[in-house]
Amino acid sequence: MENSEVARVFYEIADYLELQGVPFKPKAYRRAAANIEGLDGSIEDFLKKGELNEIPGIGEAIAEKIRELIETGKLEYLDKLRAELPKGLLDLLEIPEVGPKTAMILYKELGIKSVDDLKAAIFDHKLQGIKGFGPKTEEKILQGIRIVESRAGRSLLNDAYQTAAQVLSYLQEKHPGQMMSIAGSLRRMKETIGDIDILVASEEPGKIMDSFVSIKGADEIIAKGDTKSSIRLKNGIQVDIRVVSRESYGAALQYFTGSKEHNVELRKLAISKGMKISEYGLFERKTEKKLTGDDEKEIYRMLDLQFIPPELREARGEMDAAANYRLPELVAYDDLKGDLHCHSEWSDASGTIEDLRDKAEELNYEYVAVTDHSQSLKIAAGLSEERLADQVKNIRTLREQQERPWVFAGSEVDILKDGRLDYPKDVLRELDFAVISVHSRFKMDEKEMTKRIVTAMSNEKAKILAHPTGRIIGQRTSYEFDFEKVAEAAKSNGIAFEINSFPERLDLNDINVRKAIDYGSTIAINSDAHDPSQLEYTRFGIATARRGWARRSDILNALPLDELMKRFGLK
DNA sequence: GCCGTTTTCGGCCCGACTGTTTTCAGTCG
């Protein structure tokens with residue numbers, strides 16, 4: 001049973017218990033679920049080795065439930081909870097403004113068991129008959145239902161990033177000189193973003209609120225208060241703003257950056273040191289004396305912690321590492337020396353090879369690789385052997401005209417179903433290197449797929465495994481393969497795992513990056529650009545690398561050109 | 001249900017905003 005499946009069971013239990021008004025247990029189950037999701041290794045292995053209790057948040061009771069779940073495929077306790085309350089009530093909890101209390105009141109008072117029931121009840125204005133429910137509440141819940149129904153999930157990092165940049169520059173223009181920052185999951189650069197959080201330091205919060213809610217593109221003002229407001233933009237993205245005083249800005253930035261789990265750990269640490277932390281500052285617990293608040297870095301310092309970069313604040317061991325001054329020095333946003341996976345108009349992209357080179361130059365890269373699709377990927381206008389030969393010749397001529405940035409003649413070669421590559425050896429020999437990838441037959445079983453990828457890796461021109469898991473965020477899950485075996489093969493063949501920076505891919509993801517690095521693998525952060533402007537997507541790949549605790553030394557294309565040439569056996 | 005510089009029982013983060021219950025509960029982050 002997959003970790004995610006086990007986690008889902010415990011999230012469901014937490015929801016049911018919350019509906020029943022059971023205190024504290026929901027939090028315990030959610031914590032266990034979150035830790036299982038982020039686990040390094042399979043939960044089944046932990047069970048086999050009798051190491052479940054080593055996972056934080058898992059004690060005797062939950063360990064026993066995990067055992068039952070994995071061994072029998074079901075859980076009596078969950079079945080019991082399911083029998084007690086209708087399943088549709090869980091859907092009600094997805095609606096903004098509807099929490100466990102409201103859901104239970106709706107169920108008990110009106111017999112509402114599903115979102116459809118709720119819609120019908122609102123249509124008949126039945127909610128207003130309940131004590132404590134007025135017309136506004138009814139309207140708000142209806143709005144919430146519309147949002148749930150319309151939103152196709154969370155926004156991709158790239159979309160949220162663009163939107164946030166626009167909102168921020170609007171505010172900066174209106175209020176020049178004010179300190180402001182992105183906070184929340186966007187500052188942590190998570191692969192998907194629920195809503196955008198913005199923090200502003202100002203002694204005149206009212207003015208900021210007024211500007212904020214009157215921004216062009218606002219579709220709905222969800223809330224407007226003295227220091228806190230929320231709007232929904234026409235593109236569906238919710239933006240929350242919070243204004244604090246200058247003296248609290250650092251504490252607020254820390255607080256609103258999260259993650260929630262990270263903050264819980266930080267608060268606990270503060271308590272253990274006789275301090276207390278809130279969005280207003282770090283305080284001495286007994287005297288309520290404020291120790292600091294204006295500078296985020298100072299808060300970590302006063303708690304005897306190394307500064308923890310936002311990308312690491314996920315309660316995945318960063319607190320311990322920071323306490324021991326063992327945080328890795330993360331790869332920086334300007335550490336890349338080039339891009340090793342880009343497409344041109346020779347296959348399915350726009351832009352010439354010269355355009356790619358010019359964009360690489362603009363980014364101060366030392367090199368860029370042209371890696372168009374291989375022949376069998378007809379849908380992406382994969383290059384025939386003849387066209388590929390032409391392209392290589394073309395690139396060599398270009399190099400003679402202009403040496404830097406250096407243009408590598410590569411190819412994104414399909415891994416065929418039996419693990420052979422999509423060009424014969426003599427054709428591959430003409431290339432500087434090959435990026436290899438799976439673009440077909442995603443549904444193979446794990447064993448077959450593992451063998452397929454491992455076989456492909458033995459080709460001497462193969463240097464990078466592109467988008468290694470094949471997942472597309474919100475659309476397609478990873479194909480199945482044995483990560484450990486592939487990582488071993490990668491290491492012994494000198495092949496790097498790619499972080500494909502395309503916003504809907506970000507593959508490897510943060511957790512897998514960390515896993516890969518633990519196996520001793522090298523990571524290549526590539527754009528997979530299908531337009532020269534998309535070379536800038538590597539920002540999100542770098543963010544993902546940082547979230548996976550990667551250092552510069554883990555990154556293949558942080559190497560300068562001559563070292564990379566040696567690595568590729570070209571020098 | 002978990003956990004331990006509060007320590008094996010008793011606590012579990014904390015504050016803003018909203019609607020409406022005229023004093024606060026519910027939700028959210």
Side-chain angles (χ1 to χ4, degrees), chain A residues 10 13-14 17-19 21-35 52-66 77 92-106 127-128 130-141 143-144 147 183-188 193-199 205 209 221-230 238-244 248 251-252 254-283 285-286 303-304 315 323:
Chain A
F10 291 125
I13 291 174
L17 292 173
E18 197 151 58
L19 281 168
V22 177
F24 306 115
K25 288 190 191 184
K27 205 195 287 177
Y29 278 105
R30 287 207 181 97
R31 182 162 126 85
N35 286 329
L52 285 175
N53 292 70
E54 288 175 20
I55 303 168
I58 294 180
E60 229 175 283
I62 292 185
E64 175 53 29
K65 289 190 175 71
I66 293 172
Y77 183 60
L92 297 188
L93 298 177
E94 297 293 313
I95 303 168
E97 310 299 332
V98 178
K101 299 282 177 2
T102 305
M104 280 308 275
I105 291 170
L106 292 170
L127 266 58
Q128 295 187 43
I130 308 172
K131 197 174 154 221
F133 285 66
K136 290 255 177 95
T137 304
E138 200 171 74
E139 177 57 25
K140 241 176 145 176
I141 293 176
Q143 285 291 333
I147 288 163
S185 55
L186 183 53
R187 185 165 179 242
R188 303 199 311 276
I193 307 296
D195 45 38
I196 295 170
D197 294 297
I198 291 178
L199 180 72
M209 293 293 117
I221 298 169
I222 299 164
K224 187 186 178 208
D226 293 339
T227 63
K228 189 179 165 183
S229 296
S230 294
Q238 181 177 327
V239 189
D240 298 343
I241 196 167
R242 182 72 182 252
V243 180
V244 297
S248 300
Q254 193 291 313
Y255 179 79
F256 290 111
T257 296
S259 67
K260 209 165 153 185
E261 293 73 19
H262 172 87
N263 285 355
V264 168
E265 288 189 2
L266 199 71
R267 273 164 194 268
K268 281 189 184 154
L269 179 70
I271 290 169
S272 77
K273 292 178 183 289
M275 293 183 253
K276 181 181 97 165
I277 183 169
S278 77
E279 60 256 57
Y280 296 105
L282 184 67
F283 300 88
R285 208 168 166 73
K286 277 190 194 140
L303 290 168
D304 298 319

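In what follows, chains carry the letters A, B, and so on, assigned in the order in which the sequence lines appear, proteins first and then strands, with residues in each chain numbered from 1.
- Spacing of P atoms, B:dG11 relative to B:dC17, comes out at 31 Å, to the nearest Å.
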Check residues 58-66 of chain A and write down every donor-acceptor pair under 3.5 Å in which the side-chain atom is one partner and the other belongs to a residue at least two apart or another chain.
unit_1	atom_1	unit_2	atom_2	d
A:E64	OE1	A:R67	NE	3.2
A:E64	OE2	A:R67	NE	3.4
A:E64	OE2	A:R67	NH2	2.5
A:K65	NZ	A:Y29	OH	3.3

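- Nucleotide B:dC13 holds its P atom 15 Å from the CD atom of A:Q254, rounded to whole Å.
- Contact between A:G144 and A:I95 at its shortest, heavy atoms only, is C-CG2, 3.6 Å.
- Across the protein-nucleic acid pair, A:M275 atom CE and B:dC13 atom P stand 18 Å apart, rounded to whole Å.
- Closest to the side chain of A:A223, from the set B:dG1, B:dC17, B:dG29, is B:dC17.
- When the salt bridge (charged side-chain N to carboxylate O under 4.0 Å, His left out) test is applied to A:E18, the partners found at least two apart in sequence or on another chain are A:R30.
- Across all strands shown, B:dC3 forms a Watson-Crick or G-U wobble pair with B:dG10, both key distances being under 3.5 Å.
- Within the 4.0 angstrom heavy-atom criterion, no nucleotide atom of any strand lies near A:I277.
- When heavy atoms are screened at a 4.0 angstrom cut-off, A:P56 is found touching the sugar-phosphate backbone but no base atom.
- Taking only side-chain nitrogens and oxygens, A:T227 comes nearer than 4.0 Å to OP1 or OP2 of B:dC17.
- Only the C1' atoms considered, B:dT8 is 9 Å distant from B:dC3, to the nearest whole Å.
- Remark: A:L186 pairs with A:L157, A:A160, A:Y161, A:A164, A:I182, A:I193, A:I196 by the side chain to side chain contact (heavy atoms under 4.5 Å, CB included) rule, at least two apart or across chains.
- Look at CD1 on A:I58: it is 14 Å from C1' on B:dC3, rounded to the nearest Å.
- B:dC12 has A:F24 stacked on its base ring, the centres lying under 5.5 angstrom apart and the planes within 30 degrees of parallel.
- In this structure, A:I13 atom CD1 and B:dC2 atom P are separated by 11 Å, rounded to whole Å.
- The base of B:dG29 sits within donor-acceptor range of the side chain of A:Y255, with an N or O pair under 3.5 Å.
- When rounded to the nearest whole Å, the span between CD1 of A:I271 and P of B:dG10 equals 19 Å.
- B:dC13 and B:dG29 are spaced 12 Å apart, taking the C1' atom of each and rounding to whole Å.
- The shortest distance between the side-chain N/O atoms of A:Y280 and the OP1/OP2 oxygens of B:dA16 is below 4.0 Å.
- For A:S272, counting side-chain heavy atoms from C-beta on, the closest listed nucleotide (B:dC12, B:dG15, B:dT6) is B:dT6.
- Between B:dT20 and A:T137, a contact under 4.0 Å exists linking OP1 or OP2 to a side-chain N or O.
- Between the side chain of A:S248 and the backbone N or O of A:A251, no donor-acceptor pair lies under 3.5 Å.
- Taking for each of A:K260 and A:D240 the nucleotide of DNA chain B with the nearest heavy atom, the 5'-most of the two is the partner of A:K260.
- No contact: A:K273 has no heavy atom under 4.0 Å from any strand.
- For A:A61, the side-chain atoms get nearest to B:dC2 when compared with the rest of B:dC2, B:dA16, B:dG29.
- Only the P atoms considered, B:dG15 is 31 Å distant from B:dC9, to the nearest whole Å.
- In summary, A:R31 and A:E261 do not engage in a salt bridge, as defined by a charged side-chain N under 4.0 Å from a carboxylate O.
- Closest-nucleotide positions on DNA chain B for A:A103 and A:G274 were compared, and the one nearer the 5' end corresponds to A:G274.
- Applying the 4.0 Å criterion to OP1 and OP2 of B:dG1, one finds that A:K25 has a side-chain N or O inside that range.
- Looking at residues two or more places apart in sequence or on another chain, you find no side-chain hydrogen bond (donor to acceptor under 3.5 Å, both in side chains) involving A:T102.
- Of the side-chain N and O atoms in A:K27, one or more sit less than 4.0 angstrom from OP1 or OP2 of B:dC13.
- Judged by distance alone, with hydrogens and angles left aside, the side-chain atoms of A:N35 form a donor-acceptor pair with the main-chain N or O of A:P56 at under 3.5 Å.
- Nearest nucleotide to the side chain of A:K140, out of B:dG1, B:dT18, B:dG29: B:dT18.
- Rounded to whole Å, the P atom of B:dT22 lies 23 Å from the corresponding atom of B:dC28.
- Per the geometry, CG belonging to A:L52 stands 11 Å off P belonging to B:dC2, to the nearest Å.
- Here A:G225 lies in heavy-atom contact (under 4.0 Å) with sugar-phosphate atoms only.
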Show each protein N/O and nucleotides 24-26 of chain B N/O combination with a separation under 3.5 Å, one pair to a line.
unit_1	atom_1	unit_2	atom_2	d
B:dG26	O3'	A:T102	OG1	3.2

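- Using a 4.0 Å heavy-atom cutoff across all strands shown, A:L17 reaches no nucleic acid atom at all.
- A:D226 comes within contact range of the sugar-phosphate backbone alone, with a heavy-atom separation under 4.0 Å but no base atom that close.
- Side-chain N/O atoms of A:K224 include none lying less than 4.0 angstrom from OP1 or OP2 on B:dT18.
- Among the nucleotides B:dG1, B:dT6, B:dC17, the one closest to the side chain of A:I62 is B:dG1.
- No donor-acceptor pair closer than 3.5 Å links the side chain of A:D197 to the backbone N or O of A:D240.
- Among B:dC13, B:dC3, B:dT6, the nucleotide with an atom closest to any side-chain atom of A:V264 is B:dC13.
- Between the side chain of A:R267 and the main chain of A:I277, a donor-acceptor pair closer than 3.5 Å is present.
- Here B:dC28 presents its P atom at 10 Å from CD1 of A:I141, a figure rounded to the nearest Å.
- Side chain of A:A28, nearest nucleotide from B:dC2, B:dG15, B:dC12: B:dC2.
- For the P atoms, the distance from B:dA16 to B:dT20 is 22 Å, rounded to whole Å.
- With sequence neighbours excluded, no residue forms a salt bridge (charged side-chain N to carboxylate O under 4.0 Å, His left out) with A:D226.
- Side chain of A:D197, nearest nucleotide from B:dC2, B:dC13, B:dG29: B:dG29.
- Across the protein-nucleic acid pair, A:F133 atom CZ and B:dT27 atom C1' stand 12 Å apart, rounded to whole Å.
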